[in-house]
Amino acid sequence: MVLENSYFPGFKNPVIKDATATLVQRGNVFVNTSGRNESGGTAFDPKAYHSYSLDPADRVPSIVGSGSGPTSASGDTG
């Protein structure tokens, strides 16, 4: 697994992998987390399969907040 530019606010044990997993982390933000935050092994390079760009991890909360919840486009405005 490749875990990139994710944001973890206030989680206990934010990233746990099992004994059979390979997990590469890059660019993640951890705020007030505790416990296990694991990575290990090697993983595939996603850019070998398709091109993409990442939003900065510290902007994830505002990006998700501005694009989630009820909207008039979904027919639900609360």
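Since the model is a prediction, treat every value here as computed from it, not as a measurement.
Heavy-atom minimum distance, A57 versus Y7: O-CD1, 3.5 Å. The minimum heavy-atom distance between S62 and R59, with the atom names listed, is OG-O, 3.0 Å. When all heavy atoms of A43 and M1 are compared, the pair lying nearest together is CB-O, 3.8 Å.
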Step by step, would you call N37 with Q25 a side-chain contact (heavy atoms from CB on, under 4.5 Å)? CA-CA 10 Å; N37 181 4; Q25 294 194 50; 2.9 Å; yes
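Here the CG atom belonging to N28 is positioned 12.0 Å from the CG atom belonging to D58, to the nearest 0.5 angstrom. The structure places CG of L3 at 6.0 Å from CG of L23, a figure rounded to the nearest 0.5 Å. Rounding to the nearest 0.5 Å places CG of D18 at 9.5 Å from CD of E38. S53 contributes atom OG, which lies 8.0 Å from atom NZ of K47 (distance to the nearest 0.5 angstrom). Distance check, rounded to the nearest 0.5 Å: NZ of K12 to OG1 of T33 gives 12.0 Å.
Clustering of Ile, Leu, Val, Met, Phe, Trp and Tyr by side-chain heavy atoms under 4.5 Å joins Y49 with V2, F44.
Note: F11 and F8 have perpendicular aromatic rings, judged against thresholds of 30 and 60 degrees for the angle between ring planes.
Under a cut-off of 6.0 angstrom, the local environment of CG in N32 is sparse, with at most 12 non-hydrogen atoms contributed by other residues, nucleotides or ligands.
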